[in-house]
Amino acid sequence: MEAFIYVEMIISIISVAVVIYGVIIALIALLKTEFLRFKNKYSILRVRVIRADLGTYLLLSLELLIAADVIKTILEPGIEELIVLGGIVLLRTILSFFLNKEILEIDKERIEHPEAFTEF
């Protein structure tokens, strides 16, 4: 049983690492995009893509947190753990719905305005 506690902790740490990695990638992309502003090649569409990419990392992190919380709920079954798990699943579902909607819109804009995405 103690091994599962370590597994849960490792998965939670990986989840945090995924968020940090996603934020770093998004910040680098944002800096590149803002640099293009000085070259008069700025496009707000790029910022939307960065947001969607960051959202993807956040969703992956939430998936990992769900896995960690499932393990925790199995080890320590209780109403509080079930409520936390349900909240995370609900949050992930809502984020996934809106992120998928935004990604589809961005893909449509990429087709309609390919020139805005040429310098990624």
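Bear in mind the structure is a predicted one, so any value in this text is a computation, not a measurement. Quick note: residue numbers are just sequence positions, from 1.
- Annotation: ring-ring contact (aromatic ring centres under 6.0 Å, His included) contacts involving residues 53-96, sequence neighbours excluded, comprise Tyr21-Tyr57.
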(request) Please assess Leu45 against Val49 for the test side chain to side chain contact (heavy atoms under 4.5 Å, CB included), listing each intermediate value before the final yes or no. (result) CA-CA 6 Å; Leu45 298 177; Val49 170; 5.6 Å; no
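- Closest approach of Ala52 to Leu99, counting heavy atoms only: O-CD1, 3.4 Å.
- Residue Ile50 holds its CD1 atom at 9.5 Å from NZ of Lys32, rounded to the nearest 0.5 Å.
- Cluster annotation: Val23 is not connected to Leu59 through the hydrophobic network of ILVMFWY side chains, with a link wherever side-chain heavy atoms come within less than 4.5 Å.
- Taking OG1 of Thr56 as the reference point, atom CZ of Arg51 lies at 11.5 Å (rounded to 0.5 Å).
- Atom CZ of residue Arg46 and atom CG of residue Leu36 lie 5.0 Å apart, to the nearest 0.5 angstrom.
- The hydrophobic cluster containing Leu58 also contains Leu27, counting ILVMFWY residues as joined when their side-chain heavy atoms lie under 4.5 angstrom apart, directly or transitively.
- A chain of hydrophobic side-chain contacts below 4.5 Å, direct or via other Ile, Leu, Val, Met, Phe, Trp or Tyr residues, connects Val84 to Ile66.
- Between atom CG of residue Leu95 and atom CG of residue Leu62 there is a gap of 6.0 Å, rounded to the nearest 0.5 Å.
- Side chain of Ser15 to backbone of Ile11: no donor-acceptor contact under 3.5 angstrom is found.
- One hydrophobic cluster, built from ILVMFWY side chains closer than 4.5 Å, holds both Ile25 and Ile14.
- Between the NZ atom in Lys72 and the CD atom in Glu80 there is a gap of 7.5 Å [rounded to 0.5 Å].
- Distance check: Phe4 CZ to Ile10 CD1 gives 12.5 Å after rounding to the nearest 0.5 Å.
- The environment of CZ in Arg48 is crowded: more than 12 heavy-atom neighbours from other residues, nucleotides or ligands sit within 6.0 Å.
- No donor-acceptor pair closer than 3.5 Å links the side chain of Ser61 to the backbone N or O of Val16.
- When hydrophobic clusters are built by joining Ile, Leu, Val, Met, Phe, Trp and Tyr residues whose side-chain heavy atoms come closer than 4.5 Å, directly or via intermediates, Leu60 is not grouped with Leu54.
- Of the residues Leu82, Leu64, Leu85, the one that meets the side chain to side chain contact (heavy atoms under 4.5 Å, CB included) test with Asp69 is Leu85.
- One finds a salt bridge joining Glu34 and Arg37 here, because a Lys/Arg side-chain nitrogen approaches an Asp/Glu carboxylate oxygen to under 4.0 Å.
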